[in-house]
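The chain is numbered in sequence order, starting from 1.
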Amino acid sequence: AGQRECAVTAFAAAIRGNPRDAAGYVNAGLLSLQSGNTAAAVDFFASALTIDPSSKPAHDGLAQARAPKF
């Protein structure tokens, strides 16, 4: 809610702090998706799925990022 830079910083810190936790990547992917940066979102969701192939939020986010835009 208007604090995008704080969120970016927090998610980057979470990923650095625990790069084997898919949640940080999913959160960064969701923020990227909301910001219209689908390429970054795809990368974050793919990273999350590499860590946790069963992550439903990562699968859902990746599907949304790859969905055609009309």
*Locate the shortest heavy-atom distance separating Ala41 from Ser32; write the atom from each residue and the value.*
N-CB, 3.7 Å
*Can any side-chain N or O of Tyr25 pair as donor or acceptor with the backbone N or O of Arg20 at less than 3.5 Å?*
no
Using residues 44-51 as the side-chain source, report each donor-acceptor pair under 3.5 Å to any protein atom, sequence neighbours left out, with the distance given to one decimal.
from, atom 1, to, atom 2, distance (Å)
Ser47, OG, Asp43, O, 3.0
Thr50, OG1, Ala46, O, 3.0

*Which heavy atom in Asp52 sits nearest to a heavy atom in Ala22, and how many Å separate them?*
CB-CB, 4.0 Å
*asked:* Could you report the tightest heavy-atom contact between Arg4 and Ser35, atom names first, then the distance?
replied: NE-OG, 2.8 Å
_Contact between Thr38 and Arg66 at the side-chain level, heavy atoms closer than 4.5 Å - yes or no?_
no
*asked:* Quick check: closest heavy atoms across Ala58 and Val26, and the distance to 0.1 Å?
replied: CB-CG2, 3.9 Å
*Write down the atom of Lys69, the atom of Gln64, and the distance for their closest heavy-atom approach.*
NZ-O, 3.1 Å
_side-chain hydrogen bond (donor to acceptor under 3.5 Å, both in side chains) involving Lys56 - partner list, sequence neighbours excluded_ = Asp60
_Please give the remaining members of the hydrophobic cluster of Phe11, linking ILVMFWY side chains under 4.5 Å, ordered by chain and number._
Val8, Leu31
